[in-house]
Student: 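Handing you a structure now.
Index from 1, following the sequence.
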Amino acid sequence: MVQLEKVLREVEGLRDEMVKTLVELIKIPAISPDYGGEGEYDKAQKLLEIIKDWPFDKVEVYNAPDERAKKGVRPNILAYYYGEKGEESERLWILTHLDVVPPGDLSKWTVTEPFKPLVKDGKVYGRGSEDNGQSLVASLYAVKAMMNLGIRPKKTVILAFVSDEETGSKYGIEWLMREHPELFREDDLVLVPDGGNEDGTFIEVAEKGILWFKLRVRGQQVHASMPDKGLNAHRVALDLAYNLDKRLHEKYSERDELFEPAESTFEPTMGGNPADSPNIIPGEHEVVFDCRVLPRYSLDDILKDIEGIVEEVKERHRKELDGKVLPEIEVEILQRADPAPPTDPKGEIVKLLKEAIKELRGKEAKVGGIGGGTFAAFFRRKGIPAVVWATLDEMAHQPNEYAKIDNMVEDAKVMAYLALR
């Protein structure tokens with residue numbers, strides 16, 4: 001307890017340095033090539049510069065190749081601070097991501113520009129400040145506090161700063177696990193500080209499966225006064241979207257109170273056609289669905305149902321025009337993440353985190369599941385227990401995004417607690 005108290009005081013004393021580091025990192029855009037950016041290279045280099053003189057036992061850089069990105073790589077950094085038993089110590093991973101989403105509508109940024117960070121009223125404003133800069137800096141200074149005091153934690157701490165979280169992790173944790181499986185052990189404990197609530201009392205142990213798909217309908221464009229001479233792709237798409245929405249909700253309707261919301265969700269989110277006049281019957285139409293599916297259901301079964309409904313709709317609107325059978329309907333999977341087994345709510349990492357929240361904040365933590373996707377799912381699929389937790393005002397992806405300084409400092413204390421116990 002004496003050792004812990006020293007570390008907690010040291011973390012508090014590093015508050016100003018933490019703010020300075022967060023400000024420096026926010027200044028560097030780290031936007032995926034998928035969004036027209038250069039990737040995370042510059043931000044990774046800045047981070048390496050910041051920690052170059054810190055007494056980590058090992059710092060490794062794993063570059064996932066991506067010719068679209070600056071220098072042709074998407075960097076992933078692992079920094080090790082060994083525990084009392086050296087490399088034989090139990091290991092705690094803390095994973096944060098380097099990439100950020102684009103700023104969006106710049107006119108909505110009324111406090112400061114996205115990449116010109118501003119410290120104001122106990123907050124640091126800027127794109128990527130809360131998602132995921134706050135937790136990245138918290139993890140760094142949880143370790144630096146121990147380093148400054150010459151204290152070795154009970155557990156080896158592995159800080160992972162990875163790329164491509166915002167667009168699926170193809171060049172980040174997924175790539176690392178596929179190309180370097182030797183880095184991971186089944187008895188590792190994993191904290192992903194990339195989700196939570198305002199008072200830091202929610203511990204996420206389960207995630208729904210994710211399926212994004214696009215339906216592309218092709219009919220035949222024609223003047224709206226002569227609909228019999230064409231096939232209205234808009235009408236076909238409306239029929240398809242309505243029946244898909246209805247069928248999926250009816251068939252996959254069970255509830256699991258571990259999650260919020262407790263049921264699977266199937267939401268049409270995007271759509272449109274290229275017709276630019278009211279008197280044109282469109283020959284094309286697209287509809288996109290975002291589905292968040294309870295772990296009890298198979299995404300393969302859902303995809304089979306989608307194909308079945310597609311065939312029903314095609315038959316219902318079948319028409320031969322110019323030697324072609326219409327409509328044509330294509331299903332494109334935009335993103336798929338099969339649900340992973342949940343982390344045991346009574347497992348070691350959950351118990352430690354609940355204990356930390358109780359001891360440091362005097363609050364009882366709640367365990368549950370979410371509809372979003374995080375790094376944790378990749379670990380759970382490998383049988384490695386992982387939890388998602390942080391204290392967040394939930395400003396991610398919003399204009400005027402900010403990180404609350406108190407949240408960053410207090411979360412660093414919790415991370416240090418996990419390493420020391």
Student: Quick one: which residue pairs count as a salt bridge (Lys or Arg N to Asp or Glu O under 4.0 Å) with a foot in residues 258-276, not counting sequence neighbours?
Tutor: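 Every salt bridge (Lys or Arg N to Asp or Glu O under 4.0 Å) pair that includes a residue of residues 258-276, provided the two are not neighbours, is R255-E263.
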Student: Are more than 12 heavy atoms from other residues, nucleotides or ligands located less than 6.0 Å from atom NZ of K214?
Tutor: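 Atom NZ in K214 is packed in, count exceeds 12.
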Student: Please list all pairs meeting ring pair (Phe, Tyr, Trp, His ring centres under 6.0 Å) that have one or both residues in residues 128-182, counting only residues at least two apart or in different chains.
Tutor: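 Passing the test, one end in residues 128-182: W54-Y141, Y62-H180, W175-H180.
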Student: So, using side chain to side chain contact (heavy atoms under 4.5 Å, CB included) as the criterion, who are the partners of A44 when residues are at least two apart?
Tutor: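 Partners of A44 by the side chain to side chain contact (heavy atoms under 4.5 Å, CB included) criterion, ordered by chain and then number, come out as P75, I77, L98.
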Student: Sequence neighbours left out, what passes side chain to side chain contact (heavy atoms under 4.5 Å, CB included) with D393? Give chain and number order.
Tutor: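 For D393 the side chain to side chain contact (heavy atoms under 4.5 Å, CB included) partners, ignoring immediate neighbours, are E130, E198, M395, Y402, K404, N407.
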Student: Could you pull out all donor-acceptor pairs under 3.5 Å where a side-chain atom in residues 409-421 meets a protein atom, sequence neighbours excluded?
Tutor:
from: E410; atom 1: OE2; to: K413; atom 2: NZ; distance (Å): 3.1
from: D411; atom 1: OD1; to: R361; atom 2: NH2; distance (Å): 2.7
from: D411; atom 1: OD1; to: T391; atom 2: OG1; distance (Å): 2.7
from: D411; atom 1: OD2; to: T391; atom 2: N; distance (Å): 2.8
from: K413; atom 1: NZ; to: E12; atom 2: OE1; distance (Å): 2.8
from: Y417; atom 1: OH; to: E355; atom 2: OE2; distance (Å): 2.6
from: Y417; atom 1: OH; to: E359; atom 2: OE1; distance (Å): 2.9
from: R421; atom 1: NE; to: E355; atom 2: OE2; distance (Å): 3.2
from: R421; atom 1: NH2; to: E355; atom 2: OE2; distance (Å): 3.1

Student: Can you name the residues that form a side chain to side chain contact (heavy atoms under 4.5 Å, CB included) with K351, not counting sequence neighbours?
Tutor: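 With neighbours one apart ignored, the set is empty.
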Student: What ring pair (Phe, Tyr, Trp, His ring centres under 6.0 Å) pairs are there with at least one residue in residues 336-373, not counting sequence neighbours?
Tutor: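 For residues 336-373, and leaving out neighbouring residues, there are no ring pair (Phe, Tyr, Trp, His ring centres under 6.0 Å) pairs at all.
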Student: So which pairs with a foot in residues 114-129 pass side-chain hydrogen bond (donor to acceptor under 3.5 Å, both in side chains), sequence neighbours left out?
Tutor: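 Only R127-E401 qualify under side-chain hydrogen bond (donor to acceptor under 3.5 Å, both in side chains).
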Student: Going by the ring pair (Phe, Tyr, Trp, His ring centres under 6.0 Å) test, which pairs reach into residues 350-374, not counting sequence neighbours?
Tutor: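 Checked against ring pair (Phe, Tyr, Trp, His ring centres under 6.0 Å) - neighbours excluded - no pair reaches residues 350-374.
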Student: For E87, check side chain to side chain contact (heavy atoms under 4.5 Å, CB included) against everything at least two apart and list the hits.
Tutor: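 Once residues adjacent in sequence are excluded, the partners of E87 under the side chain to side chain contact (heavy atoms under 4.5 Å, CB included) criterion are Y82.
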Student: According to ring pair (Phe, Tyr, Trp, His ring centres under 6.0 Å), does anything in residues 15-37 pair up with another residue at least two apart or in another chain? List the pairs.
Tutor: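 For residues 15-37: none.
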Student: Please identify each residue that fulfils ring-ring contact (aromatic ring centres under 6.0 Å, His included) with F259, with sequence neighbours left out.
Tutor: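 Per chain and number, F259 pairs via ring-ring contact (aromatic ring centres under 6.0 Å, His included) with no residue.
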